[in-house]
Amino acid sequence: MPPILSVCTILFLSGVGAAFPSAPSRPPTKQVAPSGLSPHNRPSTADAVISSEERPLDDHKLFTDSLSSPPRALHSSYEHDQAKIGDAPPFPSRQNSSRSMAKRARRRWGPMSSPQLAINNDRTLDSSSHRLPPAGTIYQPGTYPTPDLLLVPISKSALLLDPPSHTSDAIQQALDSLGPYSILYLPPRTRWVVRTTIHLQPYQELATMDYPDDEEEIAWLEADEDCTGNLLSGANTPGVRIRNVGFDGPSKESQAMVQLGNSRGFNQVIDRCIVRHPRGWSSVQVYDGGENVRVTNNRVGPAGYDETTMGRGYWADGISYAGLNGLVAGNIVTDATDGGIVIFGAPGTLVTSNTVITRTRMASGAINLVDRAPYQGNYAGTSVVHNTIRMEGAYLGIGVAQGPAVWWLPKPNKSPTYNYGAVVKFNLLTAAPSTTSAVGYGFAVSDVDDWTCINNEVSANVVFEGDMSGMPREPRLVSLPPGPFVRTPSRDNSGPTRSLLQDEFVQGPIHRLLAIRPGEPTYRAFLPGRLTLAFGEAVLLKRVKLSFESDGELRLSSDGDAGEAILWEAGCKDRVGMREDSKLVFDSSGSLGIVSSGGEMLCPLVPYLQLGIQDLVLELSSERPHLFLASSATGSVYWSPTGYEVGHQWKAEEGSFICLTTPDSRTVFLSGVNALGQYVILRSVGDVVVPAALPWPVRAEDWQVEWKSHEVDSDEPDHGSYIFFQDDGNLVLYSGTTGLPLWTTATDEGHSLVTSTRWSLDPLRGLAITCIARDGAVVWNSASAPDAEKPSSPTELN
């Protein structure tokens, strides 16, 4: 059966009332100025806004009664794209998990043809004899075949000549005069000052005459200093097209430079444009709700400034995409400091053959799939395939960031939230030859479900390093060190995961990898089974080194202006000697010490620790505390040979503790909040095994109470009590029952006079807790201070 012709088809075949731009290498204008425009060869017009050939559009009302139902089924392409369209994949249709989304898509542009270049979203690997395609872009930047443009009746087209001024006002007046279903051409090599946002009307196109690609030939829209909105907006406007236009502007707090999408923003195109120096948080933004918005072959960036180029940083994305069933392809994004391409769910969207480069400005992430908004983590049908990320001199934080925890910290006392449904395949992370740049994490995955991340590659010349000191330092929030493939463990506690991840991934905790920075590392965290130091090897940080010396000693030393200084020695030299087969091991059971090649423990460092405690982490830092072993679940510190020190905002809850021992590990001290709401110091009586939580009540044959914060009136428990080191310099114990303060060090005089709290061993008094001022002076010490008075009211702490 032959297809039924639509109204649009009949009008086209009968030639009624509309002009179709089948191949407008020149627009249908009365006068077309030559390339070199000057006041002497421009046509003279008295009212001189536009010069155009206007055709009557008596049937215009046929296409304006329902903007949500544009003509469908007919497609047209411009002449300079015809040679490529035959080889190009037409825009792929995607099945969305939301039935309403699919209905809106069918209503707006009808059923779409199947893609010629199929993207395999199966969760199983291809077992056929065909070789897998190479990772990275298929099309070089700017060469992705321009998708077929929906054929719509064009009533008018015009070239903007001799305007009263080269400003956004002249462009807006011309667009308004043309109305919907029109094209406004800007002369090549012209520059226009944008004072207020330029708004497109339905099915309008803004383009440079002849569609040049060269930066020197296109028309430029440049932001005025006082412009605080978008430079151009097609949001909530169907069918708009922006082609071969440049956008530029000084960095100033504002909105995204080009804005598309939103609930009525469907069938939109921005192609072969240059967008740089955004005035707000993004260069090109596609709002959620928009559908079939195609961002292709654009040159985007620089965008924003990093800390090394502008104070604390002024971050901006390259492309921020939240539309449905869209296409982001063939773009090159250079030096976008926040995210190169940020996908906000965007169900059904294909992101392919894009190149993201870090050259002169640090980037937090190249391609990000971390946001749960606006689709509550729904990435169903979103495919990020065959993209290239290349470092050419500047640092990159994360190559492809996937899942909320990669970017943010989890909310306290809330279950983790998950992103789901995306496919990330055949992407390449590489570095230019002889480059000095590095990356923190290549492909990072956390808190995802029904997720595919396979067949991605990392070039051999990529260097993984970075300073983790700005990342969360609490034991429960530590993260894996830099590496090419890192992921959180599967959701074993809530049923089988449906994700498929490639074998190269290393499992471990991930929390806010966004905070990694370039430079020599000042902090490292090791999980059980992840640290082995052979005879003569060392872990190097900025100013600090943990080394297994060739004489058998385990040594922690610092390198300052006065040379190397020894911070601590384990005293293993006599027991290890010159046994070159020995090594320092932090094994999978949590045991830490020096062992022989046969597995014999030669020098245990924490013999008093109950093995099998979950979530242990060994941390090494350039700052105090330099070395400690802790629980990432409770925050309890089981071992710290140099003492333990914290800054403001430190918090310890009931049951957690800080443990220090004498050098021979024979006497153990614990400091923590007990079940009665007291802060106590315990000393071991005999040989003990330290449990996972602070023991209370204590057995007299195991522990004795050395010090307590205050007396209590009864043995009634006060569960949930915690101690908190406040910004005002006070160390305060709060009741879990009432939320009121129970005890304080009263060290808030002078506001922030006290900057740290330290736990250390006193040769005579044992474990001492001290509050330290900025200049190093001891303001308060538990070993010399009497038990503090219970405050009569919370106001005493203010």
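Under the 4.5 Å side-chain criterion, counting only non-hydrogen atoms from C-beta, F535 is not in contact with E549. A 4.5 Å side-chain heavy-atom check between E600 and S582 finds every atom pair outside the cut-off. The side-chain heavy atoms of S621 and V544, taken from C-beta on, include no pair separated by under 4.5 Å. Side chains of P482 and M468 form a contact here, defined as non-hydrogen atoms less than 4.5 Å apart. A heavy-atom distance below 4.5 Å is not found between the side chains of E504 and P484. In this structure, the side chains of Y638 and V606 stay at 4.5 Å or more apart for every pair of heavy atoms. Between W568 and L554 there is a side-chain heavy-atom pair separated by less than 4.5 Å. Annotation: side chain of E520 is not in contact with side chain of D467 (no heavy-atom distance under 4.5 Å).
Surrounding CG of D551 are more than 12 heavy atoms belonging to other residues, nucleotides or ligands, all under 6.0 Å away. The neighbour count for D715 CG, taken as heavy atoms of other residues, nucleotides or ligands under 6.0 Å away, does not exceed 12. The local environment of CD in Q704 is crowded, with over 12 non-hydrogen atoms from other residues, nucleotides or ligands closer than 6.0 Å.
Remark: I510 CD1 to S479 OG distance equals 7.0 Å, nearest 0.5 Å. Between atom NE2 of residue H710 and atom CG of residue L733 there is a gap of 6.0 Å, rounded to the nearest 0.5 Å. Between atom CG of residue L620 and atom CG of residue L629 there is a gap of 12.5 Å, rounded to the nearest 0.5 Å. Here CH2 of W639 is found 5.5 Å from CG of L592. Values are rounded to the nearest 0.5 Å. In this structure, CG on L767 lies 9.0 Å from CD on E706, to the nearest 0.5 angstrom. Here the CG atom belonging to L602 is positioned 8.5 Å from the SG atom belonging to C572, to the nearest 0.5 angstrom.
Taking a cutoff of 4.0 Å between a charged side-chain nitrogen and a carboxylate oxygen, R543 and E623 qualify as a salt bridge.
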Next on the checklist: side-chain contact (heavy atoms from CB on, under 4.5 Å), that's the test. Do L627 and L618 meet it? Break it down for me.
Outcome noted: CA-CA 7 Å; L627 182 64; L618 180 67; 4.0 Å; yes
Item to check | Intermediate values then yes/no, side-chain contact (heavy atoms from CB on, under 4.5 Å), V668 and C659 | outcome: CA-CA 7 Å; V668 180; C659 174; 3.5 Å; yes
Next on the checklist: Let's go through Y418 and D447 carefully: what are the C-alpha distance in whole Å and the side-chain angles of both, what is the deciding distance for side-chain contact (heavy atoms from CB on, under 4.5 Å) to 0.1 Å, and is it a yes or a no?
Outcome noted: CA-CA 5 Å; Y418 293 85; D447 295 348; 4.0 Å; yes
Next on the checklist: Let's go through L682 and F657 carefully: what are the C-alpha distance in whole Å and the side-chain angles of both, what is the deciding distance for side-chain contact (heavy atoms from CB on, under 4.5 Å) to 0.1 Å, and is it a yes or a no?
Outcome noted: CA-CA 10 Å; L682 307 181; F657 57 83; over 6 Å; no
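If you look at F464 and Y441, their ring centroids are not closer than 6.0 Å.
Among all heavy-atom pairs drawn from G643 and S640, the shortest one is O-OG, 2.6 Å. Of all non-hydrogen atoms in W759 and S671, the two that sit nearest each other are NE1-OG, 3.4 Å. Residues V685 and A700 approach most closely at CG2-O, 3.7 Å, considering heavy atoms. Of all non-hydrogen atoms in F725 and G647, the two that sit nearest each other are CD2-O, 3.1 Å. Nearest heavy-atom pair, T747 versus N730, reported as atom, atom and distance to 0.1 Å: N-OD1, 2.9 Å. Taking all atoms of both residues into account, the shortest heavy-atom contact from S721 to G677 is OG-CA, 3.6 Å.
Put simply, the side chain of T744 gets close to the backbone of A746: a donor and an acceptor are under 3.5 Å apart. Judged by distance alone, with hydrogens and angles left aside, the side-chain atoms of D718 form a donor-acceptor pair with the main-chain N or O of G736 at under 3.5 Å. Formation of a donor-acceptor pair under 3.5 Å by the E619 side chain with backbone atoms of F628 is not found in this model. No donor-acceptor pair under 3.5 Å is formed between the side chain of N674 and the backbone N or O of L694. Side chain of T634 to main chain of S631: no donor-acceptor pair is present (N/O by atom type, distance under 3.5 Å, no hydrogens or angles). Side chain of R524 to main chain of P481: no donor-acceptor pair is present (N/O by atom type, distance under 3.5 Å, no hydrogens or angles). In this structure a side-chain-to-backbone donor-acceptor pair under 3.5 Å is present from T745 to L731. Checking side-chain atoms of E553 against main-chain N and O of G571 turns up a donor-acceptor pair under 3.5 Å.
Ring-plane geometry between W707 and W780 is classed as perpendicular, the angle between the planes exceeding 60 degrees on a 0 to 90 degree scale with a lower cut at 30. Ring-plane geometry between W743 and Y679 is classed as parallel, the angle between the planes falling under 30 degrees on a 0 to 90 degree scale with a further cut at 60.
The closest side-chain donor-acceptor pair between Y523 and S622, if any, does not fall under 3.5 angstrom.
For E465, the salt bridge (charged side-chain N to carboxylate O under 4.0 Å, His left out) test picks out no residue, with sequence neighbours left out.
Cation-pi check for R517 over Y395 is not met; the charged atom does not lie both under 6.0 angstrom from the ring centroid and within 45 degrees of its normal.
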